[in-house]
Every structure is written in structure tokens, then in C-alpha cells.
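I have placed the structure first, in the form of C-alpha cells, so that the comments after it can refer back to it.
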Amino acid sequence: GIEKEANFLADFAYSKLHEFPDEEKWVTTQKLRISANDLMFYSAQAAANTSPSGAEYEWSNARKNANSFRTLYIFATKQNYIELEPEIVVRIDTLVRQIDDQSQQAQKLAEAANDKDLEHWRRKYKLWREMNNEN
């Protein structure tokens, strides 16, 4: 699943950190590590979130961090800090699509939950209008 793939990508990122030049240890490596950690963190939070609106928010954070991880990874390869592994880019892109699917599903569930909550108030409003002869 998504969390397993996020963990794989974080492990991959950590395995590459030693290849960076010393002058990048406090800049690019830190950003790459943070984006990998946040991808793992928000993916796990989103998967565990039982609130539809909360899950939608968490999936958007997971997507944001997957994209930042992808951008930093490609940047590091263009700077010749590490070697590009095309399979990793494909895995990140696949993960983003999976996250998007989960986000859309969470959005639909959030909208359905919101409609259900509003239905109670719609019935009360309709009853109030009937009682006050406001058709």
C-alpha cells in the first residue's frame, strides 16, 4: 500500500545521504530527509484518519511531500550529488497517483458526510417554514 511505498522511498532517501558532498549535508540532504520523513508521516496519518475531512487534508499533505521529495531527488541528480534511478521517479509518480485516488475518495466521503449533517438542518428549516407559512 501507500504507507509501505512511502517507507521504501524514505529508506531509499536515507541510503543515498552518504553520497552527498559535505557542503550539502546541512542543506539539500536535510530537505530530502525532511520530505521523505513527512511523506511517510502524512501517508500513515492519512491512512489511519477515520474522519473524511481529516483524511482529505492528510492526503493533500502526503501529496505535497511526495512532490517535494520528487523535486529534491531530481535536483540532487542534476547537481550530480547522486545518480538518477529512473525506477525511483516512476515509483514516486505512481505513489502520487495512488495518493490522488485516496484524496478523491476522501473528498467524496467528506462531501457525503457533510450532506448528511446538513440534511438534519434542512429538515428543521423546512419544518420552520411550514410552521410560519413561508412556502
Side-chain angles (χ1 to χ4, degrees):
I2 292 173
E3 307 97 300
K4 185 177 180 181
E5 190 65 14
N7 286 342
F8 168 83
L9 291 169
D11 284 342
F12 172 80
Y14 272 76
S15 75
K16 295 295 179 182
L17 296 178
H18 72 278
E19 297 177 27
F20 283 74
D22 287 341
E23 63 271 12
E24 290 301 317
K25 295 281 187 227
W26 297 104
V27 183
T28 307
T29 57
Q30 181 182 23
K31 299 272 187 204
L32 186 64
R33 187 173 39 249
I34 288 169
S35 68
N37 285 341
D38 285 349
L39 170 60
M40 202 171 34
F41 175 77
Y42 285 111
S43 295
Q45 271 198 301
N49 199 322
T50 58
S51 163
S53 61
E56 183 182 6
Y57 172 77
E58 302 295 356
W59 284 122
S60 70
N61 281 326
R63 185 183 205 286
K64 176 179 70 173
N65 285 290
N67 281 306
S68 69
F69 178 78
R70 183 185 195 280
T71 300
L72 286 163
Y73 174 66
I74 291 174
F75 172 78
T77 64
K78 287 182 178 181
Q79 297 302 312
N80 295 317
Y81 299 148
I82 55 178
E83 190 173 319
L84 177 70
E85 295 183 36
E87 174 195 347
I88 297 301
V89 178
V90 170
R91 289 180 84 152
I92 297 168
D93 290 346
T94 301
L95 180 64
V96 169
R97 283 193 301 278
Q98 292 170 339
I99 290 170
D100 284 346
D101 290 345
Q102 290 296 317
S103 181
Q104 288 173 355
Q105 186 177 11
Q107 182 180 17
K108 287 176 185 174
L109 290 171
E111 288 171 1
N114 190 42
D115 284 346
K116 185 179 176 185
D117 289 345
L118 287 176
E119 185 56 35
H120 170 73
W121 294 106
R122 288 183 189 122
R123 283 194 314 265
K124 282 188 170 196
Y125 178 67
K126 183 180 177 187
L127 182 61
W128 176 82
R129 287 184 61 189
E130 289 171 0
M131 289 173 46
N132 291 294
N133 296 320
E134 293 186 21
N135 293 326

State which residues pass side chain to side chain contact (heavy atoms under 4.5 Å, CB included) with T94; sequence neighbours excluded, sorted by chain then number.
V90, R97, Q98
Do [X] and [Y] have side-chain heavy atoms sitting under 4.5 Å apart?
X	Y	result
L95	R91	no
F69	D38	no
D101	Q105	no
Y73	R70	no
F75	Q79	yes

First locate atom [atom1] of [X], then atom [atom2] of [Y], and finally report the distance between them rounded to the nearest 0.5 Å.
X	Y	atom1	atom2	answer
Q107	S60	CD	OG	10.5 Å
N49	Y57	CG	OH	11.0 Å
I34	S68	CD1	OG	9.5 Å
E5	N7	CD	CG	9.5 Å
F20	T28	CZ	OG1	6.5 Å
T29	K16	OG1	NZ	14.5 Å

Can you see which heavy atom on [X] is nearest to which on [Y], and at what distance?
X	Y	value
S43	W59	O-CH2, 4.1 Å
A66	I92	O-CG2, 3.7 Å
E83	T77	C-CG2, 3.9 Å
E3	A47	OE2-CB, 3.0 Å
A13	A36	CB-CB, 3.9 Å

Check for me, please, whether [X] and [Y] land in the same ILVMFWY cluster - side-chain distances under 4.5 Å, paths through other members count.
X	Y	value
Y42	F8	no
Y81	L9	yes
F12	I2	yes

For residues 45-67, which residue pairs pass the salt bridge (Lys or Arg N to Asp or Glu O under 4.0 Å) check, not counting sequence neighbours?
R63-D100
Could you name each residue pair satisfying salt bridge (Lys or Arg N to Asp or Glu O under 4.0 Å) that touches residues 20-36, not counting sequence neighbours?
none
For L32, does its backbone N or O pair with a side-chain atom of S35 as donor and acceptor, under 3.5 Å?
yes
Will you find, in the side chains of N37 and Y14, an N or O donor that is under 3.5 Å from an N or O acceptor?
yes
